S.K.: 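I have a structure here, written as structure tokens, and I will follow up with some questions on it.
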Amino acid sequence: MKLSLPIVVLLISGWIIAVAHATETTYQLDDPAKQKIFLELKHELRCPMCQNQTIGDSNAMIALDLKRKTFELVESGKSKQEVIDYMKARYGEFVHYKPPVTPITIWLWLLPAGFIVVAFLVMFFARRNAKSDLNEAGESPLKSEDASPQDLEEADKLLDKYK
Amino acid sequence: MKKILLFLIPLGAFIAVTGFLLKGLYSEPRYEVSVSVSKPIPDFELPDVMDPKKLYTKETFLGQKTLLNVWGVWCVTCAVELPYLTELRKQGVRIVGLYYQLNNDPDFDQKPLPQLQWEIRQMLGKHGNPYQFNMFDKDRSYGMDLGVTGAPETFLIDELGVVKVHHVGDLNTRVWKEKFSMYFGES
């Protein structure tokens with residue numbers, strides 16, 4: 001039997017893919033509730049060495065270690081919060097993607113809300129000031145009677161001059 | 001008055017934003033807040049990488065200031081800092097190594113110990129040996145307790161076994177001056 005070259009290449013590449021797949025560690029928990037916690041944690045815990053990757057996304061050694069530890073802890077029946085606390089005790093708040101509300105971080109929520117409130121206040125007062133410059137009929141409150149006779153005389157002179 | 005404000009407010013905002021961005025340009029991009037600092041080091045019982053029958057515990061850090069250096073033969077930056085660490089040892093600084101094993105799964109692909117010991121001897125022979133001894137963190141679990149993210153990292157542990165400094169990255173003259181020298185009575 002003679003195998004054509006394309007078929008040989010296909011077989012070899014298929015074998016390589018199968019081997020590459022087999023070496024990737026997969027974590028499977030029998031209990032669906034635990035599996036759910038593990039999957040959530042995988043996407044909420046940050047790899048402390050990489051820039052902005054979860055331990056689920058990263059293949060850095062430390063991310064693999066944390067993933068394995070998370071798996072072990074969840075498997076042994078630890079709750080989600082207990083695992084997060086375990087990681088925070090070692091790698092700090094940074095390791096969890098959800099920032100805690102503290103006197104410093106509260107501004108992350110307060111500032112944007114504050115900006116909106118201030119913007120509305122500015123708009124409100126700007127409109128009220130613009131309105132108060134006009135009287136009820138919507139006319140300018142300045143009337144010709146308010147001007148002094150001298151001013152009127154001068155105005156007439158100027159008008160004559162540029163006639 | 002209004003005109004001056006209309007000029008000054010945007011100018012002030014511009015200067016503030018420029019200052020902020022300029023600071024960002026020169027800041028350290030890595031977030032570095034170590035949890036282990038000012039806490040006693042976690043308990044451990046680790047074997048000597050050269051003689052696994054010998055076990056070390058926390059006691060080994062009591063009574064004198066020690067640098068705990070996390071390293072491995074696979075780590076290129078570690079090779080770069082070894083000569084500097086050796087220099088520090090000559091000046092009388094006590095340095096203990098925490099050998100950080102590189103493998104994806106500690107249950108498998110373990111290098112045979114004699115081969116690892118040979119590689120360690122090779123590397124220390126080539127770049128200098130700053131270590132009193134090396135503790136073997138086979139599955140990197142003690143590293144995890146310390147908050148280690150990779151190698152090299154260096155901890156300064158005081159006479160009472162409390163972590164004073166946790167430095168991520170290589171140790172050199174500049175880092176020594178900035179972070180470590182004040183604990184050794186140098187200015």
Side-chain angles (χ1 to χ4, degrees), chain A residues 19-28 41 45-55 58-73 75-76 78 83-97 99-100 102 104-105 111 115 118-119 122 125-126 129-130, chain B residues 2 5-6 9 13 20 24 27-44 70-78 98-110 137-153 155 163 166-169:
Chain A
V19 167
H21 215 78
T23 51
E24 209 177 72
T25 327
T26 47
Y27 294 106
Q28 188 65 45
L41 283 168
L45 292 174
R46 189 198 305 259
C47 162
M49 185 195 222
C50 350
Q51 293 291 316
N52 229 349
Q53 271 191 313
T54 62
I55 57 169
S58 171
N59 268 329
M61 190 165 65
I62 184 69
L64 296 177
D65 283 355
L66 293 189
K67 218 179 332 187
R68 188 172 51 246
K69 193 75 206 177
T70 304
F71 180 81
E72 283 169 16
L73 290 173
E75 195 180 31
S76 71
K78 292 269 188 295
V83 178
I84 291 171
D85 290 343
Y86 179 94
M87 294 301 171
K88 278 188 181 173
R90 284 157 180 79
Y91 292 97
E93 296 291 352
F94 182 65
V95 83
H96 194 216
Y97 260 106
T102 66
I104 298 167
T105 59
L111 270 182
F115 272 123
V118 168
V122 167
F125 281 110
N129 283 347
Chain B
K2 214 174 168 182
L5 276 183
L6 271 178
I9 290 175
F20 178 73
S27 75
E28 179 72 42
R30 281 183 74 114
Y31 176 93
E32 239 183 78
V33 174
S34 181
V35 186
S36 50
V37 171
S38 26
K39 278 193 212 149
I41 56 162
D43 288 324
F44 65 89
V70 184
W71 75 291
V73 288
W74 49 272
C75 156
V76 181
T77 317
C78 302
L98 182 68
Y99 191 81
Y100 202 62
Q101 180 78 306
L102 177 75
N103 47 13
N104 286 339
D105 194 329
D107 295 333
F108 301 102
D109 52 81
Q110 271 304 348
D137 192 14
K138 196 176 174 181
D139 56 2
R140 296 185 295 274
S141 61
Y142 191 59
M144 194 181 286
D145 287 342
L146 278 170
V148 169
T149 60
E153 291 192 15
F155 294 85
V163 176
H166 176 188
H167 173 68
V168 178

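Per chain, numbering begins at 1; letters A, B, ... match sequence-line order. The structure presented is a predicted model; accordingly, all values stated were derived computationally and were not measured.
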S.K.: Mind checking whether A/R90 and B/V35 have side chains closer than 4.5 Å, heavy atoms only?
M.R.: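 They are not in contact (no side-chain heavy atoms under 4.5 Å apart), so the answer is no.
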S.K.: Minimum heavy-atom separation for A/I62 to B/T149, with atom names?
M.R.: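 A/I62 and B/T149 have their closest heavy atoms at CB-O, 3.5 Å.
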S.K.: Using heavy-atom distances under 4.5 Å, tell me whether A/K88 contacts chain B through its side chain, its backbone, both, or neither.
M.R.: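 The answer is the backbone of A/K88.
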S.K.: Under the ring-ring contact (aromatic ring centres under 6.0 Å, His included) test, which residues partner A/F71, sequence neighbours left out?
M.R.: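 Residues passing ring-ring contact (aromatic ring centres under 6.0 Å, His included) with A/F71: A/Y27, A/F38.
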S.K.: Residues in ring-ring contact (aromatic ring centres under 6.0 Å, His included) with B/F155, at least two apart?
M.R.: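 With neighbours one apart ignored, the set is B/H166.
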S.K.: Might you point out which heavy atoms bring B/M144 and A/Y91 nearest each other, and give the distance in Å?
M.R.: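 Nearest heavy atoms, B/M144 then A/Y91: CA-OH, 3.5 Å.
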S.K.: Taking side chain as everything from C-beta outward and backbone as N, CA, C, O, which of these in A/A63 sits under 4.5 Å from a heavy atom of chain B? Side chain, backbone, both or neither.
M.R.: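 No part of it gets close to chain B.
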S.K.: What do you reckon, is CD1 of A/I104 surrounded by more than 12 foreign heavy atoms closer than 6.0 Å?
M.R.: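 Atom CD1 in A/I104 is not packed in, count stays at 12 or less.
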S.K.: Is the shortest side-chain heavy-atom distance between B/R140 and A/R68 below 4.5 Å?
M.R.: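 A side-chain contact exists here, since the closest heavy-atom pair is under 4.5 Å.
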